[in-house]
Amino acid sequence: MDLHRYLLETTRIAVLTGAGVSAESGIPTFREAQTGLWSQYDPMTLASPEGFAQQPDLVWRWYQWRRELVAKAAPNAGHKALASIQQHLPEFTLITQNVDGLHQQAGSSDVLELHGNIHRTVCSRTGSAIEASWLSAHAAAEPPPSPHHADGLARPDVVWFGEALDECTLQQSFDAAQDCELMIVAGTAGVVHPAASLPVMAQQAGARVVDINPEHNEISRMANWYLQGTSARWLPVLAATLEKENR
Ligand code: OAD
């Protein structure tokens with residue numbers, strides 16, 4: 001069956017997005033050879049609990065820089081297309097590895113953020129939320145002390161290497177993967193687990209998988225359809241197909 005016909009027959013869609021979906025909003029991805037964040041910075045220094053324990057100021061400033069990048073960015077046509085698909089399809093789940101909040105800014109709701117959100121801040125000891133007003137009352141060049149624990153520091157509410165994902169978000173993502181008829185994967189290299197297992201899980205449970213990415217990778221090889229190119233190009237095409245049916 002071709003993708004066009006399958007889309008028209010599908011009622012349950014799950015989507016998995018990665019950094020590539022925000023690339024056209026001006027936010028660098030992680031693993032691209034020249035421009036990727038991990039080609040310029042050591043992930044274990046900047047995105048691990050050990051790195052934060054050793055150099056909290058450096059890690060805090062790096063996240064401040066990323067927060068500023070994100071603040072200047074706007075959702076692109078790919079983000080907007082996913083928000084629009086959700087309006088047409090009641091059984092729709094958006095799972096993202098991105099921490100930038102651009103899906104929600106585009107109008108998506110109930111987004112499953114597997115790796116957290118850069119706009120939220122928590123106590124490094126208790127995980128309790130820290131308010132923006134507390135942060136703005138402290139210097140920006142170092143992580144403020146936590147209001148919740150004497151030995152705690154403020155840290156971004158994101159998942160670092162070696163840390164567990166939120167159990168509830170992960171379970172909801174597994175459920176969506178096992179329950180959908182179509183999984184759309186966009187803008188992920190598919191190397192970080194458990195996110196990268198979701199398309200495999202969906203396919204094993206009987207769903208078909210479509211992958212959108214300018215580059216071939218493991219996911220494009222296992223997918224039922226591979227749309228080579230950017231998410232801002234292809235996601236609006238999928239949205240238009242679903243909208244034509246006026247569901
Ligand atoms: P990567 O940087 O590993 O991969 C980005 C993917 O997006 C690559 O496959 C690119 O080919 C593709 N890409 C680039 N531009 C694109 C575009 N305009 N449209 C569509 N695709 C495009 O990012 P992720 O797979 O998201 O985790 O990385 C997964 C996780 O690894 C991240 O959430 C982060 C990172 O370490 C943590 O920090 C825990």
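For this chain, numbers begin at 1 and follow the sequence in order. Counting starts at 1 for both ligands and their atoms, in listed order.
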| task | Step by step, work out the salt bridge (charged side-chain N to carboxylate O under 4.0 Å, His left out) result for Glu9 and Arg208. | result | CA-CA 12 Å; Glu9 288 176 12; Arg208 299 198 185 183; over 6 Å; no
| request: Any atoms of ligand 1 less than 4.0 Å from a non-hydrogen atom of Gly18? List them with their elements. | output: 26 (O)
| field | From Tyr63, Trp60, Trp160, residue fulfilling ring pair (Phe, Tyr, Trp, His ring centres under 6.0 Å) relative to Phe52 | value | Trp160
| said: Students should be able to answer this: which protein heavy-atom is nearest to atom 8 (C) of ligand 1, and at what distance? | reply: Asn213 ND2, 3.9 Å
| said: For Ala47, which part has a heavy atom under 4.0 Å from ligand 1: side chain, backbone, both, or neither? | reply: neither
| Heavy-atom distance to atom 5 (C) of ligand 1: which of Gly187, Gly116, Gly36 wins? | Gly187
| task | Please confirm whether Phe30 comes within less than 3.5 Å of ligand 1 when only nitrogen or oxygen atoms on both sides are compared. | result | yes
| field | Val159 to Ala164 - nearest heavy-atom pair and separation | value | CG1-O, 4.1 Å
| task | Heavy-atom contacts with Val159 under 4.0 Å: which atoms of ligand 1 show up? List them by number with element. | result | 39 (C)
| field | Residue, atom name and distance, where the atom is the protein heavy atom closest to atom 15 (N) of ligand 1 | value | Ala23 CB, 3.8 Å
| remark: Applying ring pair (Phe, Tyr, Trp, His ring centres under 6.0 Å) to His119 and not counting sequence neighbours gives none
| query | Among the heavy atoms of Pro214, does any lie under 4.0 Å from an atom of ligand 1? | reply | yes
| message | Polar contacts were defined as any N/O atom of the residue lying under 3.5 Å from an N/O atom of the ligand; does this apply to Asn98 and ligand 1? | response | no
| Against heavy atoms of Val192, which atoms of ligand 1 measure under 4.0 Å? | 29 (C), 30 (C), 31 (O)
| task | Check ligand 1 against Ala19 and write out every atom of the ligand that is under 4.0 Å from a heavy-atom position of the residue. | result | 23 (O), 24 (P), 26 (O)
| query | Among Gln97, Glu24, Arg31, which residue places a heavy atom closest to atom 31 (O) of ligand 1? | reply | Arg31
| At a 4.0 Å threshold, what atoms of ligand 1 neighbour a non-hydrogen atom of Glu215? | 11 (O)
| task | Report the nearest protein non-hydrogen atom to atom 36 (O) of ligand 1: residue, atom name, distance rounded to 0.1 Å. | result | Trp38 NE1, 2.9 Å
| query | For the side chain of Asp110 and the backbone of Thr93, is there at least one donor-acceptor N/O pair under 3.5 Å apart? | reply | no
| query | CD of Gln40: more than 12 outside heavy atoms within 6.0 angstrom? | reply | yes
| request: Report yes or no: does Trp160 have a heavy atom closer than 4.0 Å to ligand 1? | output: no
| ligand 1 versus Phe161, non-hydrogen atoms closer than 4.0 Å: side chain, backbone, both, neither? | side chain
